[in-house]
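Below is one structure, written out as structure tokens, with a few remarks after it.
Values below: all heavy atoms of this structure, side chains included; hydrogens, waters and symmetry mates excluded. For reference, positions follow the sequence shown, starting with 1.
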Amino acid sequence: MENLQFLPGKPLPLGTSLSPEGVNFSVFSRNGTGIILELFESPEDSEPSVSYVFDKNVNKTGDVWHVFVQGLKKNALYLYRVDGPFYPNEGIRFNANKYLIDPYAKAVTGDSIFASLRNRSRRKPDFDPDLVYNHFRTAEGFPKCVVVDDGNFDWQGDVPLNYPLRTAIIYEMHVRGLTAHSSGGFSAAGTYRGIIEAIPYLKELGITSLELLPVNEFDENECDRKNPRTGKLLKNYWGYSTIAFFAPKQTYSSRQGGSSHVDEFKEMVRELHKVGIEVILDIVFNHTAEGNERGVTFSFRGFDNSIYYMLEDNKRYYRNFSGCGNTMNCNHPVCRNFILDCLHYWVCEMHVDGFRFDLGSILSRGRTGEILGNPPLLEGIAEDPVLSKTKIIAEAWDAGGAYQVGAFPGGRWAEWNDRFRDDVRRFWRGDSGAVFQFATRMAGSSDLYMQSGRKPYHSINFVTCHDGFTMNDLVSYNGKHNDENGESNRDGSNNNISFNYGFEGPTENPEIERIRERQIKNFMCSLLLAIGTPMLLMGDEIRRTQNGNNNAYCQDSEISWMDWSLKEKNSGIFRFVRMLIEFRKTHPVFTRTDFFKGKNLSMRGASDITWFSSDGEPEDWESPDNFIAYLLMGNSAATMAEFDDNDIFIMCNATRKDITATIPDPPEGKGWCRVIDTSRPSPDDILDKNNEECLQNQKKYVILSRSTVVFISKIQLK
């Protein structure tokens with residue numbers, strides 16, 4: 001690194017800014033007394049090649065420290081060190097011997113913070129190590145920040161797709177997990193490029209939007225437990241433990257070195273957009289991987305601990321609303337700006353279409369943890385002009401007891417609706433008295449979203465997600481089987497609302513298998529024919545199993561990966577889901593923008609939904625039987641041409657008995673035609689458009705136990 005010149009630089013933007021002349025560095029620290037910029041030649045270096053000590057009279061504006069390094073190039077490697085007082089009992093934890101990752105780093109080398117520090121732990125005292133000032137300094141094995149050139153990528157005219165939320169069909173998936181399994185035969189397995197290779201499959205399935213589990217840089221080697229069956233160290237597979245929020249995960253790239261993984265992420269987004277598939281990021285602003293007072297200092301804690309984190313009254317300790325040791329101080333103005341800057345970067349420079357905010361209720365908490373009525377961060381995100389078309393989805397609860405489903409503040413937020421998950425599971429399991437709740441969820445959850453002025457599509461409906469059973473396991477296990485997580489099966493939820501139908505786990509019993517397959521079809525019908533925005537879990541469409549593990553956060557293995565051989569083995573289920581997605585897209589009654597009004601059927605043209613019992617009479621909401629039927633009027637919003645549709649009649653029989661049900665009269669001049677009957681084997685379970693089966697008996701239909709039936713009204717040809 002010869003011929004470098006250090007000039008005053010400028011305070012904004014924060015992070016690094018590359019120009020033909022060099023790189024501007026800018027970083028925030030209010031209470032630090034001195035900052036050193038460290039430049040490295042290679043990721044393996046234990047010592048910097050060049051150190052620059054900031055002059056607060058030249059290189060500081062307000063609380064922002066800055067320098068311009070003339071002659072520095074793209075892919076330069078750097079870290080910071082910050083000096084200042086060390087009073088951990090007062091929440092002040094500066095230590096000039098700690099190497100720190102830039103909070104605004106856009107790329108990080110693939111080393112392991114936790115592995116490198118575990119190797120050094122023998123040199124540290126075991127008693128209250130956070131109270132002991134560290135005098136040892138080395139960058140050996142420590143990740144380095146990388147200077148990124150954001151202006152040199154060929155986007156080929158790409159922009160975010162930003163589909164209306166009501167038309168979205170979300171597919172929640174893991175970047176590595178989709179293509180890592182050997183059965184897929186991908187040349188770039190487990191990478192961003194692997195997803196590009198999988199595009200034909202995703203396109204065939206018909207989803208519109210990928211929701212990626214965390215891709216912000218995290219350290220998969222932070223786990224210190226072993227799999228008791230294999231003896232191998234477990235991994236942080238899901239990635240809910242961020243170390244660098246602006247940086248895409250380096251080990252998810254097929255290319256190594258410099259910032260090539262940033263370009264590969266961009267290529268993935270660009271190629272997905274070309275075929276009409278959005279990219280939504282699951283992002284984790286509620287906490288960081290630095291953990292509690294005994295955790296690792298590698299970034300925020302070393303720059304300004306008391307600003308970036310919520311501290312207890314005894315400031316040595318961290319408020320822990322995340323369940324992960326610390327909680328980010330999200331509504332502090334500095335943190336708010338950091339989060340908005342991060343979102344802007346992912347939208348403007350990386351072209352993503354939306355975000356799902358993990359433990360989103362933390363973003364509504366004030367500086368001491370109180371729930372705010374009008375949280376400035378949530379309102380700021382909802383009202384931000386750059387993000388006005390970006391999808392913003394909240395996990396509307398946290399580990400501190402906040403639960404805000406249906407009441408998440410901030411305006412236009414959508415929410416993961418766990419009430420949908422639980423009520424649909426209870427209904428199809430056959431729990432007594434589950435009909436009313438099931439009907440409410442199928443109709444768009446107006447009890448949750450209408451009062452706040454939001455729309456049905458603000459409910460993100462799901463039956464399964466990464467956290468819990470897969471859909472196959474939901475119908476195959478009565479209890480969790482998490483022994484391979486190394487926690488003696490104590491981890492993971494015990495409230496799965498599942499049923500194995502007579503045998504725990506895989507079985508060759510054809511009757512049990514028949515029921516399980518039918519129930520999966522029923523769940524898929526409930527998910528994709530409900531009003532709201534559906535979200536499928538990766539692999540449910542081919543019966544992916546985790547062998548009963550309902551908390552596979554640490555399983556970077558075949559337990560979690562997509563087994564592509566299942567596509568052929570369970571081709572009937574895949575066909576059913578693919579055609580069901582197409583059916584939803586074809587009928588706008590399922591993507592309506594307003595809640596049903598439910599007027600009386602006597603004014604047929606004005607009615608939008610009518611509920612029936614099996615005898616054709618109005619539904620008895622007190623009935624213990626889990627049977628419900630309902631008529632959706634296709635022209636109920638005929639003032640908007642896009643909603644003009646067939647009438648659709650749906651019956652759901654979750655009882656253990658076959659029922660001869662009465663069918664309401666079809667519209668004048670039309671007859672009922674069967675599209676779906678989940679009791680029938682493939683390919684008769686769902687019929688192609690224009691090949692629907694017109695009913696011989698327009699008055700009665702025998703719906704078998706545990707089945708969904710769907711009719712549409714069509715003109716009868718004589």
Side-chain angles (χ1 to χ4, degrees), residues 158-172 202-203 205-212 269 272-283 343 346-348 350-357 360 378 381-394 396 406 408 410-417 420 441-446 448-450 452-462 527-536 580-596 608 632 634-645 648:
D158 178 77
V159 293
L161 297 175
N162 293 147
Y163 293 137
L165 190 58
R166 67 180 180 83
T167 66
I169 299 171
I170 300 172
Y171 189 75
E172 190 200 28
L202 299 170
K203 191 67 178 171
L205 182 59
I207 53 91
T208 69
S209 313
L210 292 185
E211 183 175 304
L212 306 180
V269 174
L272 286 166
H273 283 177
K274 283 181 180 178
V275 298
I277 297 177
E278 293 182 306
V279 177
I280 300 169
L281 301 188
D282 193 336
I283 201 161
L343 299 178
W346 284 100
V347 169
C348 297
M350 309 296 264
H351 288 207
V352 304
D353 302 271
F355 304 94
R356 179 262 190 189
F357 294 80
L378 298 183
I381 293 171
E383 299 291 339
D384 187 89
V386 173
L387 306 176
S388 65
K389 302 299 182 184
T390 301
K391 291 177 176 62
I392 51 173
I393 302 168
F408 198 75
R412 65 183 181 91
W413 286 82
E415 301 168 6
W416 270 26
N417 187 352
F420 181 95
R441 302 299 151 237
M442 295 301 293
S445 296
S446 60
L448 299 176
Y449 297 102
M450 181 182 286
S452 64
R454 283 180 289 171
K455 301 294 185 179
Y457 50 77
H458 288 120
S459 172
I460 306 298
N461 297 334
F462 66 102
L527 176 62
L528 287 159
L529 302 183
I531 311 303
T533 303
M535 184 184 79
L536 290 79
L580 188 59
I581 289 173
E582 183 59 33
F583 183 72
R584 177 183 176 88
K585 290 179 176 178
T586 303
H587 293 282
V589 70
F590 299 116
T591 58
R592 57 185 291 127
T593 56
D594 291 303
F595 291 104
F596 292 110
D608 51 17
L632 301 175
N635 65 347
S636 62
T639 54
M640 297 177 63
E642 63 177 313
F643 280 96
D644 199 13
D645 198 359
I648 296 177

- Given Glu415, which of Lys455, Arg454, Arg356 fulfils the salt bridge (Lys or Arg N to Asp or Glu O under 4.0 Å) condition? Arg454
- Exercise: identify the closest heavy-atom pair between Pro588 and Thr586: CD-O, 3.3 Å
- Task: Locate the shortest heavy-atom distance separating Lys203 from Ile277; write the atom from each residue and the value.
- Result: N-CD1, 4.4 Å
- Task: Before giving the answer on side chain to side chain donor-acceptor pair (under 3.5 Å), spell out for Ser445 and Asn417 the whole-Å C-alpha distance, their side-chain angles and the decisive distance to 0.1 Å.
- Result: CA-CA 9 Å; Ser445 296; Asn417 187 352; 3.1 Å; yes
- Of the non-hydrogen atoms in Thr533 and Tyr457, which two are nearest, and what is the gap between them? OG1-O, 2.9 Å
- Would you say Lys389 has more than 12 foreign heavy atoms packed within less than 6.0 Å of its NZ? no
- Query: Less than 4.0 Å between a side-chain N and a carboxylate O, is that true for Glu278 and Lys391?
  - Reply: yes
- Task: For Pro456, enumerate each residue passing the side chain to side chain contact (heavy atoms under 4.5 Å, CB included) test, keeping only those at least two apart in sequence or located in another chain.
- Result: Ile531, Phe595
- Query: Do Ile169 and Leu528 have side chains that get closer than 4.5 Å, going by heavy atoms?
  - Reply: yes
- For Asp158, side-chain hydrogen bond (donor to acceptor under 3.5 Å, both in side chains) partners two or more places apart: His273, His351
- Task: Compare every heavy atom of Val386 with every heavy atom of Thr390, then report the nearest pair and how far apart it is.
- Result: OG1-O, 4.2 Å
- Message: Would the distance check show the side chain of Arg592 and the main-chain N or O of Arg166 forming a donor-acceptor pair, the cut-off being under 3.5 Å?
- Response: no
- Task: Check the angle between the aromatic planes of Phe357 and Trp413 and answer parallel, tilted or perpendicular using the 30° and 60° thresholds.
- Result: perpendicular
- When the ring planes of His587 and Phe583 are compared, do they come out parallel, tilted or perpendicular, using 30° and 60° as the limits? tilted
- Item | Criterion side chain to side chain contact (heavy atoms under 4.5 Å, CB included) on His458 and Leu448, from CA distance to verdict | CA-CA 10 Å; His458 288 120; Leu448 299 176; over 6 Å; no
- Task: Could you check if a side-chain atom of Leu272 sits within less than 4.5 angstrom of a side-chain atom of Leu210, using non-hydrogen atoms only?
- Result: yes
- Query: What is the distance from atom CG of Asn461 to atom CD1 of Ile170, rounded to the nearest 0.5 Å?
  - Reply: 10.0 Å
- Give the intermediate values and the outcome of side chain to side chain contact (heavy atoms under 4.5 Å, CB included) for residues Leu580 and Leu527. CA-CA 10 Å; Leu580 188 59; Leu527 176 62; over 6 Å; no
- Message: Less than 6.0 angstrom separating the ring centers of Phe355 and Trp346, yes or no?
- Response: no
- Message: How long is the straight-line distance from OG1 of Thr591 back to CG of Leu165, given to the nearest 0.5 Å?
- Response: 11.0 Å
- Reported OG-to-CG distance for the pair Ser209 and Leu536, which is rounded to 0.5 angstrom: 11.5 Å
- Task: Find out whether Leu632 and Met442 are in side-chain contact, i.e. whether some heavy atom of one side chain is under 4.5 Å from a heavy atom of the other.
- Result: no
- Query: Does Asp353 use its side chain to pair, donor to acceptor, with the backbone of Asn162 at less than 3.5 Å?
  - Reply: yes
- Note on the structure: Heavy atoms of Thr208 and Thr167 approach each other most closely as CG2-O, 3.9 Å
- Of all residues at least two apart in sequence or in a different chain, which pass the ring-ring contact (aromatic ring centres under 6.0 Å, His included) check with Tyr163? none
- Query: Which heavy atom of Ala382 sits nearest a heavy atom of Gly410, and at what distance?
  - Reply: CB-O, 2.7 Å
- In sequence, state the C-alpha distance, the side-chain angles, and the governing distance for Leu343 and Ile381, and then conclude on side chain to side chain contact (heavy atoms under 4.5 Å, CB included). CA-CA 9 Å; Leu343 299 178; Ile381 293 171; 3.9 Å; yes
- Message: Once you measure the plane-to-plane angle for Trp416 and Phe462, does it fall in the parallel (<30°), tilted (30-60°) or perpendicular (>60°) bin?
- Response: tilted
